[in-house]
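Note sheet for the following structure.
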Number of protein chains: 2
Amino acid sequence: MKRTIVIFGTISIVIILLFQVSKFSLMNTQGFSDVFLIISGILFIALGYFITKLFYARKHTNSIQEIDIKRIKELNISKQELKVLGLMSDGLSNNEIAETLFITENTVKSHVSKILSKLNAKRRTEAVKIGRDLNII
Amino acid sequence: MKRTIVIFGTISIVIILLFQVSKFSLMNTQGFSDVFLIISGILFIALGYFITKLFYARKHTNSIQEIDIKRIKELNISKQELKVLGLMSDGLSNNEIAETLFITENTVKSHVSKILSKLNAKRRTEAVKIGRDLNII
DNA sequence: TCCAAACTCACTCGAAAGTATGATTTTGAG
DNA sequence: CTCAAAATCATACTTTCGAGTGAGTTTGGA
């Protein structure tokens, strides 16, 4: 918020200054100067460039997919289930997941089953895909 | 290539036109006009905006991980195997893959087996993970 | 404290997945 | 045209998954 205000304030000031400088230059010079016009144009283009870059940078960092906690809660997926899902997406077998989490394979199986039903998936590969698409993993 | 030339040509023309219009307007008007200056500035800013957006769009599509054809050849993965791998990563079963590609499940199995050995994976989920990491899918 | 949800585990059974081997047909590059 | 690689399919066998059911234990919040 604060940052937004500072940035937009700065931009506004720069624009106003640009216009003022432009006006003075044009008014005080009798012989009109091509060079000035070109410089002025370039400055404005540069301004457009920075503004656009700013917005793009913002959008970009936002789209670097952070895990969607809200959706996890909506789907009623528990902590342990999420861990299991993550290990599934790493390509581990039920047995390997069991060893990683210090639980039995049977327990892993029951977690997996619940994950599949909650994500509406038929297979673990599908669950992983859905999990990825929903930004859950 | 062609597209690049067209785009840059267009931009060049627009810029030149803008400068010409600016010059004429300023020379023919005795009383200097604020309105004109503002419009001119906005136009230039818009130009900067479009140019920047163009470059960003290009960079962006490039950074959206294009498939690494070189590595596919290094790993000696064939076309059909790649298709199968892609369908695996979509969470399809061997049977579904078979129906999608109009081949039998047995054939799919042999493809999958080859993929697993080529990617050094023990399971299809692992193969998918490796494939993703290597930008093969 | 009490309870629902989460976590844990087990057992069975059927369905997928994966291995191994071998054989035939297509295809593409030289 | 030729030949190797790719693609196709099959059969038999093993392993892993996943469904379904049931039940004991933890845990966090009202």
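All chains are named by letter (A, B, ...) in the order of the sequence lines, taking the proteins before the strands, and each is independently numbered beginning at 1. The figures that follow rest on heavy atoms only: side chains count, while hydrogens, waters and symmetry mates do not.
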B:Ala121 or B:Lys79, whichever maps to the more 5' nucleotide of DNA chain C: B:Ala121
Any A:Arg124 side-chain nitrogen or oxygen under 4.0 Å from OP1 or OP2 of D:dG18: yes
Spacing between B:Asn95 atom CG and C:dG18 atom P, to the nearest angstrom: 14 Å
Along DNA chain D (nearest heavy atom to each residue), the more 5'-positioned of B:Lys118 and B:Arg123: B:Lys118
N/O (side chain, B:Asn94) to phosphate O (OP1/OP2, C:dA17) under 4.0 Å: yes
Side-chain heavy-atom pair B:Leu75, B:Leu134 within 4.5 angstrom cut-off: yes
Worked verdict on B:Thr107 versus B:Thr104 for side chain to side chain donor-acceptor pair (under 3.5 Å): CA-CA 5 Å; B:Thr107 308; B:Thr104 66; 3.0 Å; yes
Any donor-acceptor N/O pair, A:Glu81 side chain to A:Ser78 backbone, under 3.5 Å: yes
Spacing between A:Phe102 atom CZ and D:dT26 atom C1', to the nearest angstrom: 19 Å
Side-chain N or O of B:Thr107 closer than 4.0 Å to phosphate OP1/OP2 of D:dT8: no
Any A:Ile136 side-chain heavy atom under 4.5 Å of A:Ile67 side chain: no
Heavy-atom check, side chain of A:Glu105 versus side chain of A:Ile97, under 4.5 Å: no
Between C1' of D:dG28 and CD of A:Gln80, the distance in whole Å: 16 Å
Ionic contact status for B:Glu74 with B:Lys118, cut-off 4.0 Å: no
Pairwise 5' ranking along DNA chain C for A:Lys109 and B:Thr125, keeping only the more 5' one: A:Lys109
Value in whole Å for how far the P atom of D:dA5 lies from CG of B:Leu82: 20 Å
Under 4.0 angstrom between B:His111 side-chain N/O and D:dA7 OP1 or OP2: no
Sugar-phosphate, base or nothing in reach of B:Asn106, heavy atoms under 4.0 Å: base
Given C:dG18, D:dT8, D:dC17, the nucleotide with the shortest approach to the side chain of A:Glu105: D:dC17
Atom-pair distance (CD on B:Glu126; C1' on D:dC17), nearest Å: 16 Å
Sugar-phosphate, base or nothing in reach of B:Thr104, heavy atoms under 4.0 Å: sugar-phosphate
Selection from D:dT8, D:dA6, C:dG18 that lies nearest to any side-chain heavy atom of B:Leu116: C:dG18
Rounded interatomic separation in angstrom, taking CG from A:Leu85 and C1' from C:dC7: 17 Å
Interatomic distance, A:Asn76 CG vs C:dA4 P [rounded to whole Å]: 16 Å
Interatomic distance, A:Ile97 CD1 vs D:dT16 C1' [rounded to whole Å]: 12 Å
Touch class at under 4.0 angstrom, heavy-atom based, for B:Ser113 against every strand present: base
Options C:dG18, C:dC9, D:dA7, nucleotide nearest the side-chain atoms of A:Ser110: C:dC9
Nearest-nucleotide pick for A:Ser93, side chain only, options being C:dG18, C:dC9, D:dC17: D:dC17
